[in-house]
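Each remark here refers to the structure printed beneath this line.
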Amino acid sequence: MQRRAFLKQTALGAAAGGAALAAPVFAQDAPTVAWRLASSFPNESPTLFAGAEDVARYVAEVTDGRFSIEIFPAGDLVQPGQVLEAVQHRVVDCGHTASTRYFDTDPALCFDAGVPFGLNTRQMNAWMTQGEGLALTRVLFDKYNILNFPCGYTGAQMGGWFRGEIKTADDLRGLKVKAGGFARHVLARQGATPVEVPAAETYAALEQGVVDAVAWIGPYDDESLALYKVARNYYFPGWWAGTLQLSLYVNQDAYDELPKPYQSALALACRMATGNMIAKYDAGNPDALRRLVARGAQLKAFPRPVLQASYEASLAAYKEMSAKDPMFKKLYESMAAFRDKEVPWFRLAEGSFDNLVATLGQPAA
């Protein structure tokens, strides 16, 4: 009893006598900073859009509200494909986007997001944080006066919704496909015709034959588009995206003006947002896929010859772009070397464990 009374008295004394020390550091002398963030994603894409919301919330909480970020959904302040330019010229202080959107600006930017036959989520995270990925991409972004932070992962993507079946590589010829970035380029090399269609219009486009296929993300996002009603063939894998890394683009001048603790808060907020996003996809995709199949979606694997042709077309694109751009070459070689080192380990450890769990309880062949 005496010990509990002593501890209580000591705690109360510390709270009273050390009030100045107990008060949040940010509330005493830190400046008030208000930023604007342009998202490439509409609020109708809740998981993708939530990445920016997470960053803003964590930054505000850590700094006791002294550092606030106002978020503008796609189209409110700038168009989805204009985020890079808006951050570069400080129309906004930062932006949340996927660097695959800027393939036409500079194909090398796609290494900040995901490339055909590239890395999966775990490998991409490792390359960015423990390999050369972040350092190399930051050299690339420096010419745009932007500091990039990984800020979300979708995980491996599906191959998309197709009105007809894909049995051979020739079936891709003349096919009108909604696809973005690097995937669009490789599909075009294979004879497909990439078509630009806003996500909200993809259902009507498929129904009316404006497009023959739509490559979106995965079950958790695709479910809301209801594309299974007009294109039942749901192909996998999305060879152009072993993962899609989203990024927070930060204007370099705006970042340099931040106090060091605010810079750290921003980096930590991006890490938290990244973890939250991949967890949401990992938790949501299985149930969403079951619902889609129950409603009539037909799961189909791309035939091996189609994947082989896509791989060869991707290699040809890498070779061609590497010959034109030394920075593209450096990024590609770094990513490919990291992938080739990681894949055998993942097959040995992660892959064998997954296969083991999947087959336990089943009769031996």
Side-chain angles (χ1 to χ4, degrees), residues 35-56 59 69-115 118 121 124-125 128 133-134 137-138 140-155 157 178-184 196 198-200 215-218 221 240-241 243-252 254-255 266-267 269-274 276-278 280-281 331:
W35 272 13
R36 298 194 303 172
L37 181 153
S39 174
S40 282
F41 314 106
N43 1 22
E44 291 82 11
S45 299
T47 311
L48 298 174
F49 187 76
E53 293 179 314
D54 281 349
V55 170
V59 162
I69 300 177
E70 182 180 6
I71 304 169
F72 295 86
D76 275 19
L77 203 58
V78 299
Q79 294 305 310
Q82 296 176 334
V83 170
L84 185 146
E85 185 179 6
V87 176
Q88 178 183 7
H89 299 294
R90 206 171 179 180
V91 175
V92 292
D93 303 283
C94 59
H96 191 228
T97 189
S99 295
T100 49
R101 289 184 176 273
Y102 308 105
F103 176 87
D104 293 334
T105 300
D106 186 342
L109 290 169
C110 292
F111 288 100
D112 182 60
V115 293
T121 298
M124 183 71 170
N125 178 60
M128 294 298 287
L134 189 58
T137 53
R138 283 187 168 175
L140 178 63
F141 275 99
D142 188 58
K143 67 181 179 181
Y144 300 100
N145 199 37
I146 287 174
L147 191 65
N148 59 308
F149 292 85
C151 194
Y153 291 111
T154 66
Q157 297 192 0
K178 171 182 166 52
F182 215 141
R184 184 179 71 239
E196 290 289 341
W216 194 228
I217 299 174
D221 288 295
W240 48 80
T243 193
L244 177 67
Q245 176 183 278
L246 276 57
S247 294
L248 186 76
Y249 291 177
V250 179
N251 178 274
Q252 185 68 62
Y255 181 81
L266 187 65
C270 288
R271 294 298 295 269
M272 289 294 292
T274 296
N276 287 347
M277 186 177 294
I278 189 58
K280 289 176 183 176
Y281 276 113
L331 279 158

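Quick note: numbers below take in every heavy atom, side chains included, and nothing from hydrogens, waters or symmetry partners. None of these values were measured; they are calculated from a predicted model.
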*Crowded around Glu53 CD? As in, over 12 foreign heavy atoms under 6.0 Å?*
yes
*Test Phe149 against Thr274 for side chain to side chain contact (heavy atoms under 4.5 Å, CB included), laying out the working first.*
CA-CA 10 Å; Phe149 292 85; Thr274 296; over 6 Å; no
*Grab the two heavy atoms, one from Leu248 and one from Val55, that are nearest each other, plus how far apart they are.*
CD2-CG1, 4.4 Å
*Euclidean distance, Thr105 OG1 relative to Tyr144 OH, rounded to 0.5 Å*: 6.0 Å
*Closest approach of Cys94 and Val87, non-hydrogen atoms and distance?*
C-CG2, 3.6 Å
*With no hydrogens and no angle check, is any side-chain donor or acceptor of Glu85 less than 3.5 Å from a backbone partner on Gln82?*
no
*asked:* Check this for me, if you would: do Arg184 and Asp104 make a salt bridge, where the nitrogen-to-carboxylate-oxygen distance has to be below 4.0 angstrom?
replied: yes
*Which is it for Asn125 and Thr243 under the side chain to side chain contact (heavy atoms under 4.5 Å, CB included) test, yes or no, and what are the steps along the way?*
CA-CA 10 Å; Asn125 178 60; Thr243 193; over 6 Å; no
*Rounded to the nearest 0.5 Å, what separation is found between the CD atom of Gln157 and the CG atom of Leu244?*
5.0 Å
_If you compare all heavy atoms of Thr137 against all heavy atoms of Met128, which two are closest, and at what distance to 0.1 Å?_
OG1-CE, 3.8 Å
*To the nearest 0.5 Å, how far apart are OH in Tyr255 and CG in Asp93?*
14.0 Å
*Can you tell me how far the CE atom of Met277 sits from the CG atom of Leu48, to the nearest 0.5 Å?*
5.5 Å
_As an exercise, state the distance from CZ of Phe141 to CG of Leu84, rounded to the nearest 0.5 Å._
6.5 Å
*Can you tell me if Ser247 and Asn148 form a side-chain donor-acceptor pair at under 3.5 Å?*
no
*Measure the spacing between CH2 of Trp35 and CG of Asn251 and express it to the nearest 0.5 Å.*
8.0 Å
*Give the ring-plane orientation class for Tyr249 versus Tyr102, where under 30° counts as parallel, over 60° as perpendicular and anything between as tilted.*
tilted
*Measure the shortest side-chain to side-chain distance between His96 and Ile71 over non-hydrogen atoms and say whether it is less than 4.5 angstrom.*
no
*Where do Asp54 and Met272 land on the side chain to side chain contact (heavy atoms under 4.5 Å, CB included) test, with the steps shown first?*
CA-CA 8 Å; Asp54 281 349; Met272 289 294 292; over 6 Å; no
*Would the number of heavy atoms belonging to other residues, nucleotides or ligands and lying under 6.0 Å from CZ of Arg138 be above 12?*
yes
*Side-chain contact test, heavy atoms from C-beta onward, threshold under 4.5 Å: evaluate it for Leu77 versus Val92 and give yes or no.*
yes
*How about Tyr281 and Asp221: do any of their side-chain heavy atoms sit closer than 4.5 Å?*
yes
*Kindly give the heavy-atom pair with the smallest separation between Asp112 and Gln245, and that separation in Å.*
O-NE2, 2.7 Å
*Do you know which two heavy atoms are closest between Cys110 and Phe103, and how far apart they sit?*
SG-CD1, 3.7 Å
*Would you name the heavy atoms of Cys151 and Gly51 that are closest together and state the gap between them?*
SG-O, 4.3 Å
_Given 3.5 Å as the limit, does a donor-acceptor pair link the side chain of Ser40 with the main chain of Pro80, or not?_
yes
*Checking side chain to side chain contact (heavy atoms under 4.5 Å, CB included) for the pair Leu331/Leu140: CA distance, chi angles, key distance, verdict?*
CA-CA 9 Å; Leu331 279 158; Leu140 178 63; 4.0 Å; yes
*Check: Arg101 side chain, Gly180 main-chain N or O, donor-acceptor pair, under 3.5 Å*: no
